[in-house]
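Lettering of chains follows the sequences in order, A, B, ..., and the numbering in each one begins at 1. Any value given below was found using the heavy atoms of this structure, including those in side chains, with hydrogens, waters and symmetry copies removed.
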Amino acid sequence: MRPVRIYDTRTRETRRLVPRVPPKVGLFVCGLTPYDDAHLGHGKLAVTFDVVARTLRRFGYRVFYVQNVTNLDDKVLRRAGELGLDPLTLSERYFRGWTGAMERLGVASVNYYPFATDYVPEILAQIQALIDRGYAYAAGGSVYYSVARFAPYGELSGQRVEALRPGARVAVEPEKRAPEDFVLWKAASPGEPTWESPWGPGRPGWHIEDTAITVRLLGARYDLHGGATDLKFPHHEAEIAQAEAATGEAPLVNFWMHAGLLTTQGEKMSKSIGNVSSLSDAIEAWGPEVLRFYYLNAHYRSPLDFDPARSLEESREAYATLEGAARRLREGSQASPPGEEGLPPAEGRAIEALLERLDELMADDFRTREAIALLFEHGRRVSEFLPKLPALNAEAREALAAPYAWALEVLGLCPVRPGSAEGAGGVEAALNARERARGRGDYAEADRIRSDLNEGGIVVEDGPGGARWRRAGPSEP
RNA sequence: GCCGAGGUGGCAGAAUGGUUAAUGCGACGGACUGCAGAUCCGUUUCCUGGGGGUUCGAUUCCCUCCCUCGGCUCCA
């Protein structure tokens with residue numbers, strides 16, 4: 001296991017990850033409430049922790065990555081009411097949409113998506129434990145957490161309860177003993193799915209599901225908790241209060257990792273604001289790698305401002321440069337059998353050093369932007385060797401390709417796409433016809449053939465070795 | 001009001017107590033091309049919010065102010 005340093009929000013320091021049970025690492029990421037389509041902000045979070053999991057696995061950690069699904073809450077209920085659907089059917093449908101988008105985005109690192117409503121027994125037990133220990137009280141068929149009873153409350157976010165502004169966003173429930181208390185169990189309302197409980201029929205509060213699930217799946221203490229910064233308070237604060245009070249063990253997690261928000265025109269991208277861009281649409285229009293590149297082109301903790309008019313346009317251009325070098329290397333290697341020459345020793349060493357540096361960057365709180373910068377620099381090396389490629393032996397070719405294999409494994413960029421042979425004969429024939437037209441100076445005909453190919457999604461690039469072609473990416477004109 | 005995160009070139013966005021502050025996009029010039037594109041080379045010399053302080057040296061550390069965003073118990 002390579003040592004990895006991670007920034008922890010709670011202690012506000014970057015320190016080495018020491019798994020509680022090496023080489024296992026428990027990773028929990030919250031924030032999936034399937035009541036509508038995923039947007040670009042969700043994509044950023046998903047790619048962030050996908051890369052965290054990929055990196056740790058590369059370094060020899062056995063990551064168990066859990067992402068919970070809040071399949072029943074106020075928003076699900078409201079939306080279901082609007083659409084006239086059963087709430088659990090609605091959330092199931094949007095969850096499928098979510099996993100479909102994740103699959104296309106290349107996010108395959110999540111081991112398990114537990115549904116909140118499958119953990120009602122655990123939730124009831126945890127609430128009971130909190131009541132027994134004096135941290136919670138029943139009132140009017142609901143159960144509330146008594147924040148005043150938990151001394152470390154506010155440690156994660158730096159908030160002092162006295163300084164809060166009650167009712168800033170959410171109306172204060174009159175049954176609460178104190179405005180900062182939060183609901184663990186919600187008394188049943190007509191028409192809602194409900195479960196029996198010692199306090200009457202009802203359903204789980206939002207915060208409790210996470211800790212009921214994590215205590216069950218990851219233990220009373222675990223390694224990494226991820227989420228976006230907007231959940232730091234109150235949600236993550238509540239998780240600490242619940243779990244540590246219920247189990248008597250602390251700290252709940254060793255590292256609180258908070259990803260910067262995706263904003264757009266200076267505002268958080270959010271359904272309530274209504275400024276969302278659909279994740280699925282963006283994947284469709286730009287391709288998954290352009291999106292991943294966009295997200296990873298900044299540090300995960302930084303806020304990222306999405307400009308619909310240019311952000312992905314710019315990422316597409318940049319990614320095309322990065323991926324183009326990888327592709328030309330691959331195609332060039334396929335086009336000629338390996339030769340006899342090795343790489344100059346200095347170059348071989350430089351690539352070794354590059355690979356080591358890439359791992360070092362990731363091991364230092366996941367510095368993806370700098371890793372990408374190094375991959376661009378490697379692209380220039382590849383360009384330099386491209387003309388000499390036919391003479392290079394297999395080992396040299398592999399060394400040149402190694403950084404791209406790294407990029408694929410860790411960042412999910414520069415995948416090897418098997419060149420589709422389908423229709424290739426027709427393209428070759430068209431290119432030959434175009435060459436003949438060019439040969440006799442009939443440029444009108446040559447350009448017509450080229451634009452026909454463009455229409456068919458084939459990009460023609462004339463180079464020193466003659467015309468080459470490739471299939472256009474999803475968003476290339 | 002309080003808590004948190006930010007403010008770096010035309011734009012996006014890294015990093016660092018110390019020679020020219022990455023990388024990319026864009027722009028411009030050149031090579032190659034019938035043209036375009038791709039690629040390569042070069043240029044884009046005075047870019048670190050304001051003001052103090054510590055230091056031989058601050059963009060980095062400290063104080064203060066301004067601005068933006070997030071949160072304040074349903075928001076990834």
Q: Please tell me which of the listed nucleotides, A76(B), U33(B), C74(B), lies nearest to the side chain of Arg438(A)?
A: U33(B)

(Q) Quiz question: going by heavy-atom distance under 3.5 Å, is there a donor-acceptor pair between the base of A36(B) and the side chain of Arg450(A)? (A) yes

Q: Grab the CD-P distance between Gln159(A) and C2(B) for me, whole Å please.
A: 12 Å

**Q.** Separation between the C1' atoms of A27(B) and G17(B), rounded to whole Å
**A.** 35 Å

Q. For the pair made of CG in Leu184(A) and C1' in U73(B), what is the distance, rounded to whole Å?
A. 11 Å

Q. Which residue, Thr263(A), Asp230(A), Thr229(A), forms the side-chain hydrogen bond (donor to acceptor under 3.5 Å, both in side chains) with Lys268(A)?
A. Asp230(A)

Q) Which nucleotide sits closest to the side chain of Glu317(A): A76(B), A5(B), C25(B)? A) C25(B)

**Q.** N/O donor-acceptor pair under 3.5 Å between Glu237(A) side chain and Gly154(A) backbone
**A.** yes

Q) Quantified in whole Å, what is the C1' atom distance between nucleotide C25(B) and nucleotide U64(B)? A) 37 Å

**Q.** Under the 3.5 Å Watson-Crick or G-U criterion, the dot-bracket string of RNA chain B, with | for inter-strand pairs
**A.** (((((((..(((.....[....)))((((((.......))))))....(((((..]....))))))))))))....

**Q.** Closest to side chain of Leu164(A), choosing from C72(B), C2(B), G24(B)
**A.** C72(B)

Q.
Between G29(B) and G13(B), how far apart are the two C1' atoms, rounded to whole Å?
A. 26 Å

Q.
Let's see if you can work this out: which of C74(B), G13(B), A5(B) has an atom nearest to the side-chain heavy atoms of Ala298(A)?
A. G13(B)

Q.
Under a plain distance cut-off of 3.5 Å, with no hydrogens placed, do Asp359(A) and Trp406(A) share a side-chain donor-acceptor pair?
A. yes

Q. With respect to the side chain of Phe376(A), which nucleotide from A14(B), C35(B), U23(B) is positioned closest?
A. U23(B)

Q. What's the shortest heavy-atom distance between Ala241(A) and Ala245(A), and which atoms?
A. O-CB, 3.0 Å

Q: Measure the CD1-OG1 distance between Ile240(A) and Thr211(A) for me, rounded to the nearest 0.5 Å.
A: 11.0 Å

For nucleotides 40-44 of chain B, give me every protein contact, N/O to N/O, under 3.5 Å, one pair per line with atom names.
{"residue": "C40(B)", "atom": "OP1", "partner": "Ser383(A)", "partner atom": "OG", "Å": "3.0"}

Q) Between Tyr145(A) and Gln242(A), does a side-chain hydrogen bond (donor to acceptor under 3.5 Å, both in side chains) hold up when you go through it step by step? A) CA-CA 8 Å; Tyr145(A) 190 100; Gln242(A) 289 165 349; over 6 Å; no

Q) Given the C1' atoms of U59(B) and G49(B), what is the spacing between them in whole Å? A) 12 Å

Q) What interatomic distance, in whole Å, is found between P of C32(B) and the corresponding atom of A22(B)? A) 30 Å

Q | C1'-based separation of U48(B) from U8(B) [nearest Å] | A | 4 Å

Q.
Base, sugar-phosphate or nothing for His299(A)? Non-hydrogen atoms, less than 4.0 Å.
A. sugar-phosphate

Q. Which pair of heavy atoms, one from Glu244(A) and one from Leu252(A), lies closest together, and at what distance?
A. OE2-N, 2.8 Å

Q.
Between the base of G24(B) and the side chain of Glu314(A), is one N or O donor paired with an acceptor at under 3.5 angstrom?
A. yes

Q. How would you label the contact of Arg434(A) with the nucleic acid (heavy atoms, under 4.0 Å): base, sugar-phosphate, or nothing?
A. base

Q) OP1, OP2 of C72(B) versus side-chain N and O of Lys232(A): anything below 4.0 Å? A) no

Q. Side chain of Glu180(A): nearest nucleotide among A5(B), C2(B), U73(B)?
A. U73(B)

Q | Short side-chain donor-acceptor distance under 3.5 Å, Asn275(A) and Thr264(A) | A | no

(Q) Does Tyr153(A) reach a base, just sugar-phosphate, or nothing at all? Heavy atoms under 4.0 Å. (A) base

Q | Arg203(A) side-chain N/O to Pro193(A) backbone N/O, donor-acceptor pair under 3.5 Å | A | no

Q) Which distance, rounded to the nearest 0.5 Å, do you find between the CZ of Arg448(A) and the CG of Asp442(A)? A) 9.5 Å

**Q.** Distance below 4.0 Å between Thr229(A) side-chain N/O and A76(B) OP1 or OP2
**A.** no

Q: Taking atom C1' in both A21(B) and U16(B), compute the distance separating them and give it to the nearest angstrom.
A: 8 Å

Q. Any side-chain N or O of Lys75(A) less than 4.0 Å from the OP1 or OP2 oxygen of A76(B)?
A. yes

Q) With a 4.0 Å cut-off on heavy atoms, is Leu304(A) in touch with a base, just the backbone sugar-phosphate, or nothing at all? A) sugar-phosphate

Q: For Gly41(A), answer base if it contacts any base atom (sugar-phosphate contacts may also be present), sugar-phosphate if it contacts only those atoms, and nothing otherwise; contact means non-hydrogen atoms under 4.0 Å.
A: base

Q.
Regarding Ser157(A), tell me which of base, sugar-phosphate or nothing describes its non-hydrogen contacts under 4.0 Å with the strands shown.
A. sugar-phosphate

Q. Ignoring hydrogens and angles, are the base of G34(B) and the side chain of Asp447(A) linked by a donor-acceptor pair under 3.5 Å?
A. yes

Q. So what does Asp307(A) touch, heavy atoms closer than 4.0 Å: a base, only the sugar-phosphate, or nothing?
A. nothing

(Q) Distance check, rounded to the nearest 0.5 Å: Glu92(A) atom CD versus Leu90(A) atom CG? (A) 10.5 Å

Q. How long is the span from the CG atom in Leu218(A) to the CD1 atom in Ile213(A), to the nearest 0.5 Å?
A. 10.0 Å

Q: Return the stacking result for G34(B) and Tyr443(A): yes when the ring centres lie under 5.5 Å apart and the planes under 30°, no otherwise.
A: yes

(Q) I'd like the P distance from A31(B) over to G37(B), given in whole Å. (A) 15 Å

